[in-house]
Amino acid sequence: MKKHFFLIVGPSGVGKTSLIKRLLLDFPGKIYDTITCTTRSMRPGEKEGKPYYFMTEDKFMQLTKDEYFAEWAVVHGYKYGTPKSELEEAWKKGFLVVMDIDIQGAQLLMKDYKLTSIFIHPPHIDSLLKRLNQRDDGKEANLNKRMESAKKEIKLAHKCSHEIINDNLDDAYLKLKKLVEESLNKL
Ligand code: 5GP
């Protein structure tokens, strides 16, 4: 069993979710999109386990003490963490683990595992602002926090093994798909 990871890193609103949805359609039964935990509240259309396990600060902190997470980080004011059990389960089944993760979490995992990491860039910082503005939680304070995090993340993009600019979703997807195929061949 090879513990191979495929991290998809990049600021909120850059299109990571759309890219991962396409990967799941193209590689059924081969890749596993981890369900992670967060302390942020649910947005309309979300539910427990989709896309996160939603929990209180107290519960999250208890789980960190129990060493439940493979990594965790504070991302624009909320805590996010990857359960070790999610990874173990996927590896047991022989899946390639694909994770949507922030750069801090990605750096933590890079220390412990050999992995492929792809940073997805927006074509321009203004395009992120536009995307985030359309989201239901696009309230000003929240938006400012997300834009601050985005700038910090972009500065650390070179830490990832590959970088892709999402100026056209189809083109960005084809580049990503090729990298996933290479990772699947290594399994
Ligand atoms: P959102 O709240 O918009 O769904 O996600 C915010 C950010 O948290 C995303 O950019 C995503 O990459 C990151 N994220 C989601 N799950 C995890 C996780 O388990 N660990 C870390 N470090 N970041 C995560």
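As the structure lists them, so they are numbered: ligands from 1, and atoms in each ligand from 1.
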- request: Return yes if some donor-acceptor pair links the side-chain N/O of T82 with the main-chain N/O of A70 below 3.5 Å, else return no.
  value: no

query: Can you check whether S161's main-chain N or O pairs, donor with acceptor, with S117's side chain at less than 3.5 Å?
result: yes

message: Test of understanding: given a 4.0 Å heavy-atom threshold, classify the contact between R146 and ligand 1 as side chain, backbone, both, or neither.
response: side chain

Close-contact set for ligand 1 against S12 heavy atoms, below 4.0 Å: 3 (O)

field: Residue selection (non-hydrogen contact nearest atom 2 (O) of ligand 1) among W72, Y53, Y80
entry: Y80

query: Mind checking whether F119 and H121 have ring centres under 6.0 Å apart?
result: yes

field: Within 6.0 Å of CD in E48, more than 12 heavy atoms from elsewhere
entry: yes

- prompt: Heavy-atom contacts under 4.0 Å between M99 and ligand 1: side chain, backbone, both, or neither?
  reply: neither

query: Is ligand 1 under 4.0 Å from a heavy atom in the side chain of Y78, in the backbone, in both, or in neither?
result: neither

- prompt: Nearest heavy-atom pair of T56 and T39: which atoms, and what distance?
  reply: O-CG2, 4.0 Å

- request: Inspect the surroundings of NZ in K84 and state if more than 12 heavy atoms from other residues, nucleotides or ligands are less than 6.0 Å away.
  value: yes

- request: Output the list of atoms in ligand 1 that are nearer than 4.0 Å to some heavy atom of G81, sorted by atom number.
  value: 18 (C), 19 (O)

- prompt: In this structure, are over 12 heavy atoms from other groups packed under 6.0 Å from I165 atom CD1?
  reply: no

- prompt: Applying a 4.0 Å heavy-atom criterion (strictly less than), which segment of Q107 is in contact with ligand 1: side chain, backbone, both, or neither?
  reply: neither

message: If you take the nearest heavy atom of each of D100, T82, V75, which one is closest to atom 14 (N) of ligand 1?
response: D100

field: Contact atoms of ligand 1, heavy-atom distance to K16 under 4.0 Å
entry: 9 (C), 10 (O), 11 (C), 12 (O)

message: Would the distance check show the side chain of E46 and the main-chain N or O of R43 forming a donor-acceptor pair, the cut-off being under 3.5 Å?
response: yes

- prompt: Within the side chain of T34, is there an N or O that forms a donor-acceptor pair under 3.5 Å with the backbone of T36?
  reply: no

- prompt: Hey, does R40 sit under 4.0 Å from ligand 1 if you only count heavy atoms?
  reply: yes

- line: If we number the atoms of ligand 1 from 1 as shown, the ones under 4.0 Å from a heavy atom of A73 are 22 (N)

field: Derivation and outcome, side chain to side chain contact (heavy atoms under 4.5 Å, CB included), residues F95 and E89
entry: CA-CA 9 Å; F95 285 110; E89 201 50 37; over 6 Å; no

- prompt: Is there a heavy atom of R43 sitting under 4.0 angstrom from any atom of ligand 1?
  reply: yes

task: Would you check whether F69 reaches within less than 4.0 Å of ligand 1, judged by its heavy atoms?
output: no

query: Under 4.0 Å from any heavy atom of H76, which atoms of ligand 1 are there?
result: 6 (C)

statement: Contact region, E71 to ligand 1, non-hydrogen atoms below 4.0 Å, reads side chain

- request: Can you sort out which atoms of ligand 1 are near G105, meaning under 4.0 Å from one of its heavy atoms?
  value: 22 (N)

